[in-house]
Amino acid sequence: MGRKSTARERLIEVALRCFWENGCASVSVDLICQKAGVNKGSFYHFFPSKTDLLLTTLDDFWTDARTTILEPAFDPQKQPFERIFALIDNTYNQQETLRNELGRTIGCPFCNLAVEMSNLEDIVNLRIESIFGRWELYIEGALQEAFVTGKFNGLPKPTAQVIYATLCGAILRAKVSNNPARILEIKPQVQQILGFTP
């Protein structure tokens, strides 16, 4: 039996890093193929267009974010508010690790691509909007639990949306200033939103 080709996986792996670091528009199919060591014909065998590859990478970005940031933060053994602050900490840790590796803060792949693609690709916007909603559901679930136990008296869904938007804004500030610590600066604001005093 012949060895299974890893060309598709290599294309996705290269695209993940290139799209996150440099955006979609500045990364050509030729560059992705060159870095992945895959010929262009093989690229189009796996992906009809660069947009199709981008949608695949968004799903992979989501899987990675869920397993490395969200699920550890929202461990059900933690108290609800503790989970939200763990989300902030995990996001900071990811950005700090990447800055140490790359020499610059590269921000959130979903937010980066949303800004870049918002006037270009409706299908990409819909996928990113769906992913944003999934992030918010983690926060909303923690707030719903806190509401049921009497530790939170606000509205879980809109509060989750505000907290996630605040986190996205902090990641953007971290990218612009090349300083991941800007992410940690939102903790007092989030405490105020929650009506929580540690």
Side-chain angles (χ1 to χ4, degrees), residues 19-20 23 55 58-99 105-198:
F19 289 156
W20 194 353
L55 292 171
L58 285 170
D59 291 339
D60 278 42
F61 278 136
W62 165 248
T63 298
D64 182 66
R66 194 181 68 237
T67 56
T68 62
I69 295 177
L70 285 157
E71 290 179 357
F74 288 88
D75 181 341
Q77 299 301 315
K78 296 176 180 172
Q79 294 298 313
F81 289 168
E82 184 184 353
R83 296 172 208 166
I84 293 169
F85 292 108
L87 171 62
I88 297 169
D89 289 335
N90 290 358
T91 303
Y92 160 76
N93 289 333
Q94 178 203 55
Q95 293 296 317
E96 180 66 16
T97 298
L98 287 167
R99 185 183 67 163
T105 306
I106 60 175
C108 168
F110 308 113
C111 296
N112 292 351
L113 290 165
V115 170
E116 179 185 0
M117 306 298 289
S118 61
N119 295 322
L120 301 175
E121 297 276 0
D122 287 343
I123 191 170
V124 175
N125 291 338
L126 289 171
R127 184 70 56 86
I128 294 172
E129 179 63 22
S130 169
I131 291 169
F132 285 163
R134 289 179 235 167
W135 280 77
E136 290 169 354
L137 280 174
Y138 275 86
I139 302 170
E140 183 182 345
L143 294 176
Q144 185 64 42
E145 185 177 326
F147 180 84
V148 168
T149 58
K151 295 177 180 177
F152 176 66
N153 60 8
L155 299 173
K157 186 177 182 65
T159 304
Q161 292 170 340
V162 168
I163 291 172
Y164 183 61
T166 302
L167 179 60
C168 288
I171 298 169
L172 178 60
R173 294 288 296 273
K175 180 179 179 179
V176 169
S177 63
N178 193 29
N179 180 11
R182 300 302 298 267
I183 295 166
L184 300 176
E185 292 175 2
I186 67 170
K187 285 187 173 183
Q189 287 87 349
V190 172
Q191 288 172 359
Q192 189 171 19
I193 291 167
L194 296 174
F196 168 69
T197 303

Taking Thr91 as the fixed residue, which of Leu87, Asn93, Asp89 is the one that meets the side chain to side chain contact (heavy atoms under 4.5 Å, CB included) rule? Leu87
Do you know the tightest heavy-atom contact between Leu184 and Pro188? O-CD, 4.4 Å
Any Asp59 side-chain heavy atom under 4.5 Å of Thr63 side chain: no
So, does Arg66 use its side chain to make a donor-acceptor pair with the main chain of Glu71 at under 3.5 Å? no
Spell out, as yes or no, whether a donor-acceptor pair under 3.5 Å connects the side chain of Asn179 to the backbone of Ala174. no
Sidechain-backbone polar pair: Arg83 side chain, Lys78 backbone, donor-acceptor under 3.5 Å: yes
Heavy-atom nearest pair, Lys187 first then Phe85, reads O-CE2, 3.8 Å
Identify the two heavy atoms, one from Trp20 and one from Gly107, that lie closest to each other, and give their separation to 0.1 Å. NE1-O, 2.7 Å
Does atom CG of Leu126 have more than 12 heavy-atom neighbours, drawn from other residues, nucleotides or ligands, at distances under 6.0 Å? yes
side-chain hydrogen bond (donor to acceptor under 3.5 Å, both in side chains) pairs, two or more places apart, involving residues 151-170: Gln79-Lys151
Do Asp64 side-chain atoms and Asp60 backbone N/O form a donor-acceptor pair below 3.5 Å? no
On a heavy-atom basis, the closest approach of Cys108 and Gln95 is N-NE2, 4.2 Å
Quick one, Trp62 and Leu70 - any side-chain contact, counting heavy atoms below 4.5 Å? yes
Minimum side-chain heavy-atom gap Ile171-Cys111 below 4.5 Å: no
Which pair of non-hydrogen atoms, one from Glu185 and one from Gln189, has the smallest distance, and what is that distance? O-OE1, 2.9 Å
Min side-chain heavy-atom separation Leu113-Glu116 under 4.5 Å: yes
Hey, mind stepping through Gln94 and Ile69 against side chain to side chain contact (heavy atoms under 4.5 Å, CB included) and telling me if it holds? CA-CA 8 Å; Gln94 178 203 55; Ile69 295 177; 3.5 Å; yes
Do the non-hydrogen side-chain atoms of Ile139 and Phe74 ever get within less than 4.5 Å of each other? yes
Take atom CZ of Arg173 as the centre, draw a 6.0 Å sphere, and report whether it contains more than 12 heavy atoms from other residues, nucleotides or ligands. no
Are any non-hydrogen side-chain atoms of Leu143 and Leu155 less than 4.5 angstrom apart? no
Note, Ile186 side chain near Ile88 side chain (heavy atom, < 4.5 Å): yes
Any luck finding a side-chain donor-acceptor pair between Ser130 and Arg134 under 3.5 Å? yes
Where Phe132 and Ala114 come nearest, the two heavy atoms and their spacing: CZ-CB, 4.2 Å
Mind running side chain to side chain contact (heavy atoms under 4.5 Å, CB included) on Ile183 and Leu167 for me, showing each step along the way? CA-CA 7 Å; Ile183 295 166; Leu167 179 60; 4.0 Å; yes
Could you check whether any side-chain N or O of Asn112 sits under 3.5 Å from a backbone N or O of Gly23, counting only pairs where one atom can act as donor and the other as acceptor? no
Arg127 CZ to Leu58 CG distance, which is reported to the nearest 0.5 Å: 7.0 Å
